[in-house]
Asker: 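Mind looking over this structure? Questions follow.
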There are 2 protein chains.
Amino acid sequence: MANILDSVKSRIYVSPMTSFETPGKMLRRRGDLREALISAGIELLAEGGLEALSLRRCAARAGVSHAAPAHHFKGVSGLLTAIVARGYEKFTNTMIEEREKTVDEPRARLEAICEGYLRFARENDALFVLMFSPQKLDFEDQDFIQQAEAAYQVLVEGCAPFRHGSAGSRGTEIMIWSLVHGFAVLSRRERKGEADKMVPDIRFEQILPQLSLKWSSKQ
Amino acid sequence: MANILDSVKSRIYVSPMTSFETPGKMLRRRGDLREALISAGIELLAEGGLEALSLRRCAARAGVSHAAPAHHFKGVSGLLTAIVARGYEKFTNTMIEEREKTVDEPRARLEAICEGYLRFARENDALFVLMFSPQKLDFEDQDFIQQAEAAYQVLVEGCAPFRHGSAGSRGTEIMIWSLVHGFAVLSRRERKGEADKMVPDIRFEQILPQLSLKWSSKQ
DNA sequence: AGCACTAACTTGACACTGTCTAGTTGCTCT
DNA sequence: AGAGCAACTAGACAGTGTCAAGTTAGTGCT
């Protein structure tokens with residue numbers, strides 16, 4: 001663990017003012033550093049997990065001083081929120097990608113979306129955790145709200161052909177989302193050795209409540 | 001927010017060496033400070049959320065210096081793990097308490113356990129988040145493992161009369177746990193204004209997959 | 001009783017975090 | 001060409017967890 005973090009912080013900051021590569025263009029174009037900081041954050045997250053992510057480290061990796069991010073984000077929460085928004089974008093794409101790979105049949109599509117959900121959680125562990133972290137995020141951020149809503153919408157569409165109990169398709173959405181999210185969290189916990197073999201080798205399809213999903217006559 | 005944290009840290013540390021109250025007994029008995037630190041942590045958590053919880057603040061509230069906790073816990077993670085273990089104990093009790101309030105019928109008992117799960121999450125917000133936080137906890141800790149396992153066992157027992165699909169009661173456990181945990185997380189998110197009215201006023205009973213829960217002939 | 005031993009605790013230092021302020025640099029517009 | 005301004009640097013601050021060294025009080029041994 002220490003090794004990972006050491007290697008993460010090993011890239012030291014060199015002032016761009018003394019840079020030999022681009023002696024003419026000293027300052028970045030607007031929006032450039034913003035993107036660089038987000039990318040740096042996602043990299044750090046993937047390499048060293050949540051512990052490796054900090055404002056100062058993002059700045060160092062992007063090649064700027066520790067106070068530079070303040071000109072592009074409202075504090076750490078601003079940066080983290082931007083990273084998370086980017087995460088939701090990728091999240092949405094993963095679910096859609098998985099859905100498009102399958103046949104055009106409601107049940108198969110919904111299962112594929114869930115598979116996308118779980119694959120994203122598996123492949124982007126730290127990012128996934130951060131995306132559902134209740135702390136340090138700016139939940140008022142418009143970009144965040146939009147991207148999170150878009151991700152949810154994929155699942156909503158996948159649930160639309162189904163109805164569940166008296167709550168209709170609204171209930172189906174919530175049930176499926178709860179189920180798949182809970183399953184993702186629990187699988188993650190076991191995968192990381194944070195819990196003992198609670199989820200053995202059970203696939204999500206076996207967990208889906210098969211009988212309770214009924215075709216809705218409407219739409 | 002700042003007000004809350006200010007009031008939290010307002011209780012300043014006074015050296016017990018200069019204490020007037022107990023001039024004779026200067027040092028605590030073994031195990032005494034340990035308990036005091038855990039209690040302080042739970043208090044801080046309840047008062048100011050996760051942000052208010054820190055090793056130094058626990059120490060200050062317990063009336064000792066910032067380095068004192070090191071003699072009772074392996075770093076912050078040790079303290080947090082102890083707090084979380086205490087949380088799981090309370091969690092288990094809440095579920096059992098709710099279960100015992102209802103009639104002796106499998107379906108009602110399982111619903112009651114779930115209600116206990118959700119009530120605990122509602123009433124102990126920050127603690128609940130910490131309990132399922134993937135960071136900063138010592139997952140090797142024996143007490144933690146034991147308490148977490150005990151909590152899970154309550155749900156397992158509640159699911160025992162049921163079987164789900166081909167996975168048997170094992171599948172039921174995982175399904176119910178995923179469902180109720182996911183629902184707790186999503187409800188929390190909405191409650192805290194971290195998401196837009198995704199979970200309207202749907203009760204968990206409406207989410208439970210009613211038809212897929214079948215009586216198992218065995219046991 | 002006296003004396004060493006040790007666990008519990010304090011004090012101070014360190015590296016790291018995010019944030020704030022003041023100063024500098026370089027692009028742009030007129 | 002010069003003013004204005006956004007982007008960035010440098011330094012300081014309070015807060016965090018952790019470590020090393022010193023002190024204090026209770027325990028066991030002779």
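Throughout, protein chains are lettered first and strands after them, A, B, ... in sequence-line order, and every chain is numbered starting at 1.
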Asker: Would you kindly give the CZ-to-C1' distance between B/Phe73 and C/dC9, to the nearest whole Å?
Answerer: 15 Å
Asker: Which whole-number value in Å describes the distance from B/Leu80 CG to D/dT18 P?
Answerer: 9 Å
Asker: Output all residues satisfying salt bridge (Lys or Arg N to Asp or Glu O under 4.0 Å) with B/Lys74, sequence neighbours left out; order by chain, then residue number.
Answerer: none
Asker: Applying side chain to side chain donor-acceptor pair (under 3.5 Å) as the test, list every pair that has at least one member in residues 80-89 of chain B; sequence neighbours left out.
Answerer: A/Arg189-B/Tyr88, B/Glu35-B/Arg86
Asker: Anything under 3.5 Å between a protein N or O and an N or O of nucleotides 17-20 of chain C, put it in a table, one pair a line.
Answerer:
{"from": "C/dT17", "atom 1": "OP1", "to": "A/Ser54", "atom 2": "OG", "distance (Å)": "3.2"}
{"from": "C/dG18", "atom 1": "OP1", "to": "A/Leu55", "atom 2": "N", "distance (Å)": "2.7"}
{"from": "C/dG18", "atom 1": "OP2", "to": "A/Leu55", "atom 2": "N", "distance (Å)": "3.3"}
{"from": "C/dG18", "atom 1": "OP2", "to": "A/Arg56", "atom 2": "N", "distance (Å)": "3.1"}
{"from": "C/dG18", "atom 1": "N7", "to": "A/Arg56", "atom 2": "NH1", "distance (Å)": "2.4"}
{"from": "C/dG18", "atom 1": "O6", "to": "A/Arg56", "atom 2": "NH1", "distance (Å)": "3.0"}
{"from": "C/dT19", "atom 1": "OP2", "to": "A/Val76", "atom 2": "N", "distance (Å)": "3.0"}
{"from": "C/dT19", "atom 1": "O4", "to": "A/Arg56", "atom 2": "NH1", "distance (Å)": "3.4"}

Asker: Which residues satisfy the salt bridge (Lys or Arg N to Asp or Glu O under 4.0 Å) test with A/Asp141, sequence neighbours excluded?
Answerer: none
Asker: Output the rounded distance in Å from NZ (B/Lys136) to C1' (C/dC16).
Answerer: 13 Å
Asker: Can you list everything that forms a ring pair (Phe, Tyr, Trp, His ring centres under 6.0 Å) with B/Phe120? Sequence neighbours excluded, please.
Answerer: B/Phe91
Asker: Given atom CG of B/Leu37 and atom C1' of C/dC9, what is their separation to the nearest angstrom?
Answerer: 12 Å
Asker: Give the rounded distance in Å between these two atoms: CZ of A/Arg34 and P of D/dA7.
Answerer: 12 Å
Asker: Output the rounded distance in Å from CG (B/Leu44) to P (D/dT16).
Answerer: 11 Å
Asker: Sort me out a list of protein N/O and nucleotides 22-24 of chain C N/O pairs below 3.5 Å, or just none if empty.
Answerer:
none

Asker: Can you name the ring pair (Phe, Tyr, Trp, His ring centres under 6.0 Å) partners of B/Phe73, sequence neighbours left out?
Answerer: none
Asker: Rounded to the nearest Å, what distance is computed from the CG atom of residue B/Leu79 to the P atom of nucleotide D/dT18?
Answerer: 10 Å
Asker: For the atom pair CG (A/Leu80) and CG (A/Leu53), what is the distance rounded to the nearest 0.5 Å?
Answerer: 5.5 Å
Asker: Under the salt bridge (Lys or Arg N to Asp or Glu O under 4.0 Å) test, which residues partner B/Glu111, sequence neighbours left out?
Answerer: B/Arg107
Asker: What residues form a salt bridge (Lys or Arg N to Asp or Glu O under 4.0 Å) with B/Arg122, not counting sequence neighbours?
Answerer: B/Glu115
